[in-house]
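All remarks here apply to the structure that follows.
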Number of protein chains: 2
Amino acid sequence: MTSRLAWPAFEEPMPPPSDPSSPQRRDPLSRPRVVRAAITYIDAHGLGQLTMRRLAATLGVEAMSLYKHVSGRDHLLDAMVDALLADLHGHDDVQPEAAFDWRDYLRRVAHGVRAIAQQHPQIFPLVATRPPAAPWIQPPLRSLEWIESFLRTLRSHGFGDRQAVDAYKAFNSFLLGHLLLEVANQQVPINPEDRADPPDEEARFEAAAVALDGYPTVAGLARLLAEDTASLEFASALESLLVRLSGLVDGQTISGSEGTGG
Amino acid sequence: MTSRLAWPAFEEPMPPPSDPSSPQRRDPLSRPRVVRAAITYIDAHGLGQLTMRRLAATLGVEAMSLYKHVSGRDHLLDAMVDALLADLHGHDDVQPEAAFDWRDYLRRVAHGVRAIAQQHPQIFPLVATRPPAAPWIQPPLRSLEWIESFLRTLRSHGFGDRQAVDAYKAFNSFLLGHLLLEVANQQVPINPEDRADPPDEEARFEAAAVALDGYPTVAGLARLLAEDTASLEFASALESLLVRLSGLVDGQTISGSEGTGG
DNA sequence: ACCTGAACACCGTTCAAGT
DNA sequence: ACCTGAACACCGTTCAAGT
């Protein structure tokens, strides 16, 4: 059995935000409800299937009603991405106080973001590719809340300004590369009905293998290439990154632009 | 001045493929011509602006004519991605014979792919996120031609089977993370007209900085965060990866699944 | 035999007319 | 004052009617 990374379900019904201005009538259409419905829809049917009209139908309303709560399809996509990261940011395991040291903190955050990618493989590409709202925001840790707590935590563990920023960027690259590769690999065309159907790995392999004439090296290594080693690679590359960042705390620099300040 | 990475233009008119079956009338609509026009169009106007109808207009035909050469919009996107990587694969600098050793080879390929990302920032997200056609294909080096020469080159330099495959995966993660981060950062909303207009970095910075109340750490590090250190980070992370892969040649393993076979 | 106009079944979004 | 039906300006794609 593949060792799935366990993580508390982000889907669980959340307590309604304690916002006194929300009327709370019988199932009022609200922005969070629209965003949550969109996430559920994409998880089930894929990004390409999400239209304003179909999403509205899911909620029992007409498409135009959605425009009261989100200002358009593009903004809705951004809101989904934000909601996913905000959920993680509120999670106990990634609070700075929960971490033993900065390495532990980075491991917790890394596995938290990985859990998001695995629970929402159809949405994660959006987390990676939607243009950031400001020059200091980078995917996938792309909210001010995240950057703030991330940088503050590193500094509280002895990182200097430049070192913390270098670590933020290096950490983001690492997450982006590994998680995007992972979700790309498991991106099999979705037939909305037979989701339970595991795509018969062996049959898929055989079908694809016929086209390998003329590529002897690939053919010879096909089994190794198709092997799912994502979890191990992720862990291995993460530890390697932590080693690299350790050197950084000891005074080295990654983006090292010493000299421009005079 | 920012040190742009120089690379021969992939856009240059290529000699027509020596395919005797192509009639070569006056400007016949061909698949390569459609694909090339699509790349040019997205570079100029952005992915969201590409429609079959508008692309057809660019070529002086109606939309339906395109379906003779590409079987639909999705296939066109895949064809664009393939074309970009095929161009690079044909380039002198990334031929195995051109490389001094495997490190040199990986550096050449890395900078080649980075050049693609920088020349086609609107298209690179597609390279990263389009679902691969087979389980052994991973972005961004996502063609059998690339995998074949990549793996063969590493093996000719002493990599074992598992080591070569581990290196392929680690290299792809590295490229994906860094290049996607880079193009995401420079993703500024495009007004088709004023492309020459450099978005006045300082003004953009000031405008975005007003919203930093409540995020003192980000505010304090905003300048460092917004600094464009992508080239240095890329080089630094690449060297770090090469060190990691060196250990791998010496017999260590990344995905290390020793034990499941016994 | 080949090409393409008109048409189909959708989109996102707007806005006037309804309550 | 608020909500929404009908409408607008598009999509990707098909297919019959033209040459």
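Atom CZ of Phe124(B) sits about 9.5 Å away from atom CD of Glu182(B), to the nearest 0.5 Å. Atoms CG and NE2, from Leu176(B) and His178(A) in turn, are 10.0 Å apart once rounded to the nearest 0.5 Å.
Checked against dT14(C), dG12(D), dC3(D), the side chain of Tyr67(A) finds its nearest nucleotide in dT14(C). The side chain of Arg53(B) lies closest to dA7(C), out of dA7(C), dC11(C), dT14(D).
By the 4.0 Å N-to-carboxylate-O rule, Asp74(A) lies close enough to Arg130(A) to be salt-bridged with it.
Listed pair Arg54(A) / dC11(C) meets the phosphate criterion, a side-chain N or O lying under 4.0 Å from OP1 or OP2.
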Verdict with supporting geometry, Arg73(A) and Thr51(A), side chain to side chain donor-acceptor pair (under 3.5 Å): CA-CA 8 Å; Arg73(A) 191 177 189 273; Thr51(A) 70; over 6 Å; no
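The NE2-C1' distance, from His75(B) to dG12(D), rounds to 13 Å in whole Å. Taking atom CG of Leu29(B) as the reference point, atom C1' of dC2(C) lies 14 Å away to the nearest angstrom. Here the P atom of nucleotide dC2(D) and the NZ atom of Lys68(A) are 7 Å apart, to the nearest Å. Rounded to whole Å, the distance from CG on Leu76(A) to P on dC11(C) is 15 Å. Distance CD (Gln49(B)) to P (dG12(C)): 16 Å, rounded to an integer number of Å. Whole-Å rounding puts the His69(B) NE2 to dT4(C) C1' distance at 14 Å. Between Met52(B) atom CE and dC11(D) atom C1' there is a gap of 11 Å when expressed in whole angstrom units. Between the C1' atom of dG12(D) and the CG atom of Leu55(B) lies a distance of 13 Å, rounded to the nearest Å.
Checking His89(B) against Ser143(B) by side-chain atom types alone, no donor-acceptor pair falls below 3.5 Å.
Contacts between residues 57-66 of chain A and DNA chain D, counted as heavy-atom distances below 4.0 Å, involve Glu62(A), Met64(A), Ser65(A).
Taking every heavy atom of both residues into account, Leu179(B) and Ala117(B) meet most closely at CB-CB, 4.1 Å. Nearest approach of Val127(B) to Pro140(B), heavy atoms of both residues: CG1-CB, 3.7 Å.
Between dG18(C) and dC8(D), the distance separating the two P atoms is 16 Å to the nearest Å.
For the pair Leu29(A)/Val61(A), a side-chain contact is recorded, criterion being any heavy-atom separation below 4.5 Å from C-beta on.
Taking the ring centroids of Phe150(A) and Phe171(A), they lie under the 6.0 Å cut-off.
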Which nucleotides of DNA chain C pair, in dot-bracket form (Watson-Crick or G-U under 3.5 Å, | meaning another strand): ||.|||||...|||||.||
